[in-house]
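The basis for the numbers below is simple: all heavy atoms, side chains too, and nothing from hydrogens, waters or symmetry mates.
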Amino acid sequence: MTKTLLITGASTGIGAATARAAANAGWNVALLARSRDALERLAEEIGDTALALPCDITDREELDKAVERAVNHFGGLDAVYANAGMGVSKPGIEKGDPEEWHAMIHLNVLAVLTTAHATLPHLRKTKGHFVVTGSKAGRDHLKGSVYGATKWFVQGFAGNLAEEMREWGGRCTVITPGMVDTPFFDEPKPEKIQPEDVGNAVVFALEQPDTASVREIHIMPND
């Protein structure tokens, strides 16, 4: 039976690359993001094993409806990749923008929690896998980085969730890349980690045997 992976932030960058990698590995993919046009183009590219589910995952009602549609369409969930995230335009604490912090924390922290809360009942049924995008910024101290602080949360959360899921045979993995060549940055960075590198790492973690739980994959540019 074909397994199903739900991905947030699926329309571009790491999320889209992971969707392609998972589909190539034989998975169904449920694609969540706010950009309807980009999602539908990606789903059309992948084919019948992809389902576009445009939604704002910071809205719990929209998230719940998308999860329900994915489960009804594919028959269940075997894995979830909480990939959606954002940074801020004004770095630092003293000169930072609290409104930007609010939006970022809502997506990078609270939406990760609600994605887990909404999907864990389905993952429990399949002894499934929860994957989340962390960052090198969540392993190191970076001057005044509120973004980094949100990824420190993700780092700790992933370990705590792994212990909770372990009780019923589930697994949790945090992917912690350094700089990735994605639309997150204004200028292309072809010498840095490619989205496909991260997508391949996600699929690697998902396809380990039941006896192994890959808790973290840390990827750095090789330039």
Side chain to side chain contact (heavy atoms under 4.5 Å, CB included) filter on Ala149, not counting sequence neighbours, yields none

By salt bridge (charged side-chain N to carboxylate O under 4.0 Å, His left out), Asp97 pairs with (sequence neighbours left out) none

Any donor-acceptor N/O pair, Ser145 side chain to Leu142 backbone, under 3.5 Å
no

Separation between CG (Leu110) and NE2 (His102), nearest 0.5 Å, reads 8.0 Å

With sequence neighbours left out, the residues meeting side chain to side chain contact (heavy atoms under 4.5 Å, CB included) with Phe157 are Val112, Leu113, Ala116, Phe130, Phe153, Leu161

> Are any side-chain N or O atoms of Thr150 and backbone N or O atoms of Asn108, one a donor and one an acceptor, separated by less than 3.5 Å?
Replying inline: no

**Study point:** Stepwise side chain to side chain contact (heavy atoms under 4.5 Å, CB included) check, Arg124 with Met165
**Key:** CA-CA 8 Å; Arg124 179 186 281 270; Met165 294 179 70; over 6 Å; no

Between Ala70 and Leu51 the two heavy atoms that sit nearest each other are CA-CD2, 4.2 Å

Here the pair of heavy atoms bringing Ala158 nearest to Cys172 is O-SG, 3.5 Å

The side chain to side chain contact (heavy atoms under 4.5 Å, CB included) partners of Glu163 (sequence neighbours excluded) come to Arg166, Arg215

Task: Side-chain touch Arg171/Gln208, heavy atoms, less than 4.5 angstrom - done: yes

Side-chain heavy atoms of Tyr147 within contact of Ser135, under 4.5 Å
yes

Are Val198 and Val180 close enough that some pair of their side-chain heavy atoms sits under 4.5 Å apart? yes

Same cluster or not: Trp101 versus Trp152, using hydrophobic residues (I, L, V, M, F, W, Y) connected whenever any side-chain heavy atoms lie under 4.5 Å apart?
no

Side-chain donor-acceptor distances from residues 56-63 under 3.5 Å, at least two apart:
unit_1, atom_1, unit_2, atom_2, d
Asp56, OD1, Thr58, N, 3.0
Asp56, OD1, Thr58, OG1, 2.7
Asp56, OD2, Thr58, OG1, 3.2
Asp59, OD1, Glu61, N, 3.0
Asp59, OD1, Glu62, N, 3.2
Arg60, NE, Asp64, OD1, 2.8
Arg60, NE, Asp64, OD2, 3.3
Arg60, NH1, His117, ND1, 3.1
Arg60, NH2, His117, ND1, 3.0
Glu61, OE2, Lys65, NZ, 3.4
Glu62, OE1, Asp56, N, 2.7

Q.
Any non-hydrogen side-chain atom of Ile193 less than 4.5 Å from a side-chain atom of Met179?
A. no

Across all chains, not counting sequence neighbours, the side chain to side chain donor-acceptor pair (under 3.5 Å) partners of Lys136 are Asp140

Residue pairs meeting side-chain hydrogen bond (donor to acceptor under 3.5 Å, both in side chains), one or both in residues 9-19, sequence neighbours left out, come to none

request  = Please report the C-alpha distance between Ile175 and Val132 in whole Å, then the side-chain angles of each, then the deciding distance to 0.1 Å, and finally whether the side chain to side chain contact (heavy atoms under 4.5 Å, CB included) criterion is met.
outcome  = CA-CA 6 Å; Ile175 310 292; Val132 59; over 6 Å; no

Enclosure of Asn222 CG (heavy-atom neighbours >12, cutoff 6.0 Å)
no

* Asked: Passes side chain to side chain contact (heavy atoms under 4.5 Å, CB included), Thr126 versus Leu77? Steps please.
  -> CA-CA 7 Å; Thr126 58; Leu77 289 181; 5.7 Å; no

Ile219 and Ala201 have their tightest heavy-atom pair at CD1-CB, 3.8 Å

Shortest non-hydrogen pair, Ile46 vs Ala23, comes out as CG2-CB, 3.5 Å

Problem - His129 vs Asp78 side-chain heavy atoms within contact, under 4.5 Å - result: no

Sorted by chain and number, sequence neighbours left out, salt bridge (charged side-chain N to carboxylate O under 4.0 Å, His left out) with Glu68 holds for none

ask   = Got a donor-acceptor contact below 3.5 angstrom from the Asn200 side chain to the Asp197 backbone?
value = no

Leu53 and Ala66 have their tightest heavy-atom pair at CD1-O, 3.4 Å

Presence of salt bridge, Arg20 and Glu45, under 4.0 angstrom: yes

In this structure, OG1 of Thr49 is separated from CZ of Phe74 (nearest 0.5 Å) by 7.0 Å

Minimal heavy-atom distance between Leu42 and Ala19, with the atoms involved, is CD2-CB, 4.2 Å

For Lys3, the salt bridge (charged side-chain N to carboxylate O under 4.0 Å, His left out) test, sequence neighbours excluded, returns none

Contacts of Glu216 meeting side chain to side chain contact (heavy atoms under 4.5 Å, CB included) (sequence neighbours excluded), chain-then-number -> Arg139, Gln155, Val174, Thr176, His218

Here the gap from Trp168 atom CH2 to Lys125 atom NZ, rounded to the nearest 0.5 Å, amounts to 12.0 Å

Got a list of side-chain donor-acceptor pairs under 3.5 Å for residues 25-40, not counting sequence neighbours?
unit_1, atom_1, unit_2, atom_2, d
Trp27, NE1, Glu207, OE2, 3.0
Asn28, ND2, Thr4, OG1, 3.3
Ser35, OG, Ala38, N, 3.4

Show me the donor-acceptor pairs within less than 3.5 Å that the side chains of residues 80-89 make with the rest of the protein, sequence neighbours left out.
unit_1, atom_1, unit_2, atom_2, d
Tyr81, OH, Thr133, OG1, 2.6
Asn83, OD1, Thr133, OG1, 2.9
Asn83, ND2, Thr8, O, 3.4
Asn83, ND2, Gly9, O, 3.1
Ser89, OG, Glu100, OE2, 2.4

